[in-house]
Amino acid sequence: VLDRKTGRVSVLAPERDGMLEYELVRLIAQLDDPAPPKIAVISSLPQLQGDGAGEGDAFVLREMRRAFEIAPVDADFRALPAGADILLIVHPAPLNDWQLYLVDQFLLQKGRAFIALDPVSRVALATGGPRVVMASNLGPVLATLGVSFDGQVAADRALGLPVEVDAGAGRRSVEGQPLFIAAPRALMSNSDAVTSDLSRAINFGAAGRLVQIKVAGLTFTPLVETTDRAGVFPAAQAALDPSPRAVVAGMKPGGGAQILAARVSGDLGTAYPGGAP
């Protein structure tokens, strides 16, 4: 633990010995630049369009505000916030060529982003409204990251969370919903800083799958996966709240474990080699 006032390290937890190098580098970086990092947030979800100070802001924004400066980005942005250190992109609305170019250039120059895309956002559908964005993508920028996002939903019977279903004759029963995946600790990376400290399952609702594209100079590291018995399910049907049995009947083989989260690192290329659109 770093005391920002004195610059002293008061605690180095022995149970985190595998992350010691990461922690020391992080502490040195904080001493070198004590100002909180600035996170630019691009999202179509209303809960993620604040700065973390509003009561209606997402819990994750309110927590992040304790250690970061949060800069929400308008839907029609023509520039990213000045001095942004990190991009947080969560289920963005369709971005035009200029906006994708700005994201592309930020990744080239800064190289730090958290990107969460969705083939069918249950949060957006629940919010409703005439401008609801069901699916999200980053178009040509994704290819530069060595990732293909085909819009299909991962489904895993072995990891399905229990849900109540109508059993007929006024009765209710509980069945595992393959679209609601609870990925256990055993299916997360033990060596990455993002997942190494997690002890409980991460729940996903109608999650998309990531497919690696081989790109020279990039390293693609899976962080969270399904079991190797998982399959895929059409996003359009997943949006209709199908029953667990309907999902099982409509699942297609996925070719092994599906990757739900990954880290991409290395030397990025650009989606706009000809310059700004």
Side-chain angles (χ1 to χ4, degrees), residues 43-48 56-63 90-91 116-137 148-190 194-211 222-262:
S43 178
S44 66
L45 302 177
Q47 305 92 322
L48 287 169
D57 290 348
F59 175 75
V60 67
L61 285 189
R62 300 200 303 272
E63 283 294 296
V90 180
H91 192 56
L117 304 176
D118 211 327
V120 49
S121 171
R122 298 184 59 85
V123 173
L125 291 175
T127 302
R131 301 180 63 183
V132 63
V133 177
M134 187 182 86
S136 50
N137 208 309
S148 169
F149 185 66
D150 61 9
Q152 295 193 83
V153 175
D156 195 329
R157 295 179 66 180
L159 303 179
L161 287 165
V163 297
E164 264 198 359
V165 298
D166 185 356
R171 294 178 296 110
R172 307 288 292 178
S173 64
V174 176
E175 298 179 10
Q177 172 54 276
L179 294 181
F180 296 170
I181 293 172
R185 181 73 194 85
L187 295 177
M188 303 179 204
S189 169
N190 287 318
V194 171
T195 51
S196 62
D197 274 353
L198 300 180
S199 58
R200 295 186 294 178
I202 300 178
N203 296 343
F204 293 83
R209 64 171 183 169
L210 303 177
V211 180
L223 299 183
V224 184
E225 300 179 82
T226 66
T227 69
D228 58 9
R229 299 186 299 279
V232 293
F233 191 76
Q237 294 181 38
L240 301 177
D241 249 350
S243 68
R245 295 182 185 183
V247 174
V248 171
M251 283 173 55
K252 295 182 179 179
Q258 306 301 303
I259 300 172
L260 305 180

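At least one donor-acceptor pair closer than 3.5 Å links the side chain of T226 to the backbone N or O of Q258.
With sequence neighbours left out, Q177 forms a side-chain hydrogen bond (donor to acceptor under 3.5 Å, both in side chains) with no residue at all. Scored by the side-chain hydrogen bond (donor to acceptor under 3.5 Å, both in side chains) test, T227 finds D156 as partners (sequence neighbours excluded). Residues meeting the side chain to side chain contact (heavy atoms under 4.5 Å, CB included) test with S44, sequence neighbours left out: H91, A93, V133. Here A262 pairs with L210, F220, I259 under the side chain to side chain contact (heavy atoms under 4.5 Å, CB included) rule; sequence neighbours left out. The side chain to side chain contact (heavy atoms under 4.5 Å, CB included) search around P46 returns T127, not counting sequence neighbours. Scanning for side chain to side chain contact (heavy atoms under 4.5 Å, CB included) contacts around A236 gives an empty result, with sequence neighbours left out. By the side-chain hydrogen bond (donor to acceptor under 3.5 Å, both in side chains) test, D118 pairs with no residue at all, sequence neighbours left out. The side-chain hydrogen bond (donor to acceptor under 3.5 Å, both in side chains) check on Q237 picks up nothing, with sequence neighbours excluded.
Closest non-hydrogen pair, P242 versus L179, comes out as CG-CD1, 3.9 Å. Heavy atoms only, all atoms of each residue included: G176 and P244 are closest at O-CB, 3.3 Å. The minimum heavy-atom distance linking P119 with A135 is given by the pair O-CB, 3.3 Å. When all heavy atoms are compared, the tightest approach of A235 to V153 is CA-CG2, 3.8 Å. The two atoms that bring P222 and S189 nearest to each other are O-CB, 3.9 Å, heavy atoms only. Here the shortest heavy-atom pairing between V174 and P162 reads CG1-CB, 3.5 Å.
Separation of atoms CG (L260) and CG (L223) is listed at 10.5 Å; rounding is to 0.5 Å. Between the CG atom in N203 and the CG atom in L161 there is a gap of 4.5 Å [rounded to 0.5 Å]. One finds the CG atom of D150 at 4.5 Å from the CZ atom of R209 (value rounded to the nearest 0.5 Å). Here the straight-line distance linking atom CG of L198 with atom CE of M188 works out to 5.5 Å at 0.5 Å rounding. Residue T195 holds its OG1 atom at 7.5 Å from CG of N190, rounded to the nearest 0.5 Å.
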* **Residue pair L159, L187: steps toward the side chain to side chain contact (heavy atoms under 4.5 Å, CB included) verdict** => CA-CA 11 Å; L159 303 179; L187 295 177; 3.8 Å; yes
* To do: Using the side chain to side chain contact (heavy atoms under 4.5 Å, CB included) rule, take M251 and R157 through it: C-alpha gap first, then chi angles, then the decisive distance, then the call.
  => CA-CA 10 Å; M251 283 173 55; R157 295 179 66 180; 4.2 Å; yes
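Sorted by first and then second residue, the salt bridge (Lys or Arg N to Asp or Glu O under 4.0 Å) pairs involving residues 223-244 (not counting sequence neighbours) are R122-D241. Counting only residues at least two apart or on different chains, the salt bridge (Lys or Arg N to Asp or Glu O under 4.0 Å) pairs with a member in residues 164-180 are E164-R172, E175-R245. Applying the side-chain hydrogen bond (donor to acceptor under 3.5 Å, both in side chains) test to every pair with at least one member in residues 246-256, sequence neighbours left out, gives no pairs at all.
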